[in-house]
Amino acid sequence: QVQLVESGGGLVQAGGSLRLSCAASGRTFSTNVMGWFRQAPGKEREFVAAINWSGGGTTYGDSSRGRFTISVDNAKSTIYLQMNVLKPDDTAVYYCAASPWRILFTTPEKYDDWGQGTQVTVSL
């Protein structure tokens with residue numbers, strides 16, 4: 001099992017930026033892909049971005065492409081999500097997740113381990 005701890009959420013005005021972090025520990029050797037998802041009240045969990053643990057490949061959801069950047073620091077076993085030009089629609093709980101698959105899946109079912117989530121609130 002992989003333990004994941006997110007941080008960096010908070011309240012920001014529209015147009016601002018935030019950087020989320022996700023520190024991984026435990027059986028990280030069994031993880032090949034790390035992802036970010038988000039869930040707003042009353043909505044389904046939505047894919048945001050994913051990255052190979054080696055940093056060799058990334059993919060983004062339609063709502064995050066062009067504004068968000070996912071990256072990895074292998075030495076720290078940590079992934080990041082840099083979010084720019086934030087909008088009120090980006091308000092949600094953001095979750096970090098780990099997948100044993102070598103494919104950059106965008107569906108939650110392919111991710112086995114999840115963090116507790118960090119709240120991001122974007123105000124007008």
Side-chain angles (χ1 to χ4, degrees):
Q1 190 174 7
V2 179
Q3 289 78 45
L4 303 171
V5 179
E6 302 100 332
S7 60
L11 174 64
V12 64
Q13 286 189 325
S17 299
L18 279 177
R19 189 178 81 154
L20 306 183
S21 301
C22 173
S25 62
R27 298 173 60 88
T28 57
F29 58 85
S30 65
T31 298
N32 289 295
V33 168
M34 296 291 292
W36 286 100
F37 290 79
R38 69 185 185 185
Q39 190 164 18
K43 295 186 177 181
E44 293 186 352
R45 193 161 293 192
E46 177 188 10
F47 173 74
V48 176
I51 188 168
N52 290 111
W53 202 227
S54 65
T58 60
T59 190
Y60 294 88
D62 291 340
S63 61
S64 58
R65 191 175 297 112
R67 297 186 298 126
F68 295 2
T69 303
I70 189 171
S71 61
V72 60
D73 184 334
N74 294 106
K76 296 181 178 180
S77 296
T78 299
I79 65 166
Y80 304 94
L81 185 69
Q82 177 66 44
M83 305 186 294
N84 298 327
V85 195
L86 283 162
K87 307 173 183 179
D89 285 348
D90 295 318
T91 295
V93 177
Y94 283 71
Y95 296 92
C96 173
S99 172
W101 298 93
R102 296 185 184 276
I103 298 172
L104 296 171
F105 285 113
T106 62
T107 55
E109 296 76 22
K110 296 298 186 181
Y111 291 77
D112 293 345
D113 299 292
W114 293 80
Q116 82 288 350
T118 185
Q119 176 71 47
V120 171
T121 303
V122 184
S123 63
L124 289 170

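Position 1 is the first residue of the sequence; numbering continues from there. Quick caveat: nothing in here was measured; it's all calculated off a predicted structure. What you see below is based on every heavy atom in this structure, not just the backbone, and it leaves out hydrogens, waters and symmetry mates.
Gly61 approaches Phe47 most closely through the heavy-atom pair N-CE2, 3.5 Å. What you find for Asn52 and Arg102 is that their closest heavy atoms are ND2-O, 3.9 Å. The two atoms that bring Ala14 and Pro88 nearest to each other are CB-CD, 4.1 Å, heavy atoms only. Shown here for Val2 and Ala24, the closest heavy-atom pair between the two residues is CG1-CB, 4.2 Å.
If you chain together hydrophobic residues whose side chains sit under 4.5 Å apart, Tyr94 and Trp114 never meet in one group. Criterion: ILVMFWY side-chain heavy atoms under 4.5 Å apart, direct or through other members. Under it, Leu81 and Phe37 are not part of a common hydrophobic cluster.
With salt bridges taken as basic N to acidic carboxylate O contacts below 4.0 Å, one links Asp90 and Arg67.
Put simply, the side chain of Val33 does not reach to within 4.5 Å of the side chain of Trp101, judged on heavy atoms. Between Tyr60 and Thr69 there is a side-chain heavy-atom pair separated by less than 4.5 Å. Two residues are said to be in side-chain contact when any heavy atoms from C-beta on lie closer than 4.5 Å; Ile103 and Lys110 fail this criterion. A heavy-atom distance below 4.5 Å is not found between the side chains of Trp53 and Ser99. With contacts defined as side-chain heavy-atom distances shorter than 4.5 Å, the pair Ile51/Trp36 does not qualify. Between Ile70 and Phe68 the shortest side-chain heavy-atom distance does not fall below 4.5 Å. Val12 is not listed as a side-chain neighbour of Ser17, based on a closest heavy-atom distance of 4.5 Å or more. Side-chain atoms of Met83 and Val120, non-hydrogen and from C-beta on, do get closer than 4.5 Å to each other.
If you take OG1 on Thr106 and OH on Tyr111, they are separated by 7.5 Å, rounding to the nearest 0.5 Å. Atom CD1 of Ile79 and atom OG of Ser71 lie 8.5 Å apart (nearest 0.5 Å). Atom-to-atom distance recorded for Thr78:OG1 and Leu20:CG is 12.5 Å, nearest 0.5 angstrom. Atoms OG1 and CD, on Thr28 and Gln3 in that order, are 9.5 Å from each other to the nearest 0.5 Å. How far OG1 of Thr118 is from CG of Leu18: 9.0 Å, rounded to the nearest 0.5 Å. Distance check, rounded to the nearest 0.5 Å: CD of Gln116 to OG of Ser7 gives 8.5 Å.
Donor-acceptor pairing under 3.5 Å is recorded for the side chains of Arg38 and Ser63.
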**Message:** Is there a side chain to side chain contact (heavy atoms under 4.5 Å, CB included) between Thr91 and Gln119? Walk through the geometry before answering.
**Reply:** CA-CA 8 Å; Thr91 295; Gln119 176 71 47; 4.0 Å; yes
**Message:** Run the side chain to side chain contact (heavy atoms under 4.5 Å, CB included) test on Tyr95 and Gln39 for me, step by step, so that the C-alpha distance in whole Å, both residues' side-chain angles and the decisive distance to 0.1 Å come before the verdict.
**Reply:** CA-CA 8 Å; Tyr95 296 92; Gln39 190 164 18; 4.2 Å; yes
**Item:** Trace of the side chain to side chain contact (heavy atoms under 4.5 Å, CB included) decision for Asp73 with Tyr80
**Value:** CA-CA 8 Å; Asp73 184 334; Tyr80 304 94; 3.8 Å; yes
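Judged as a disulfide (SG to SG under 2.5 Å), the pairs with a partner in residues 51-124 (not counting sequence neighbours) are, in order, Cys22-Cys96.
Under the 3.5 Å distance criterion, the side-chain polar atoms of Gln82 are left unmatched by any main-chain donor or acceptor of Arg19.
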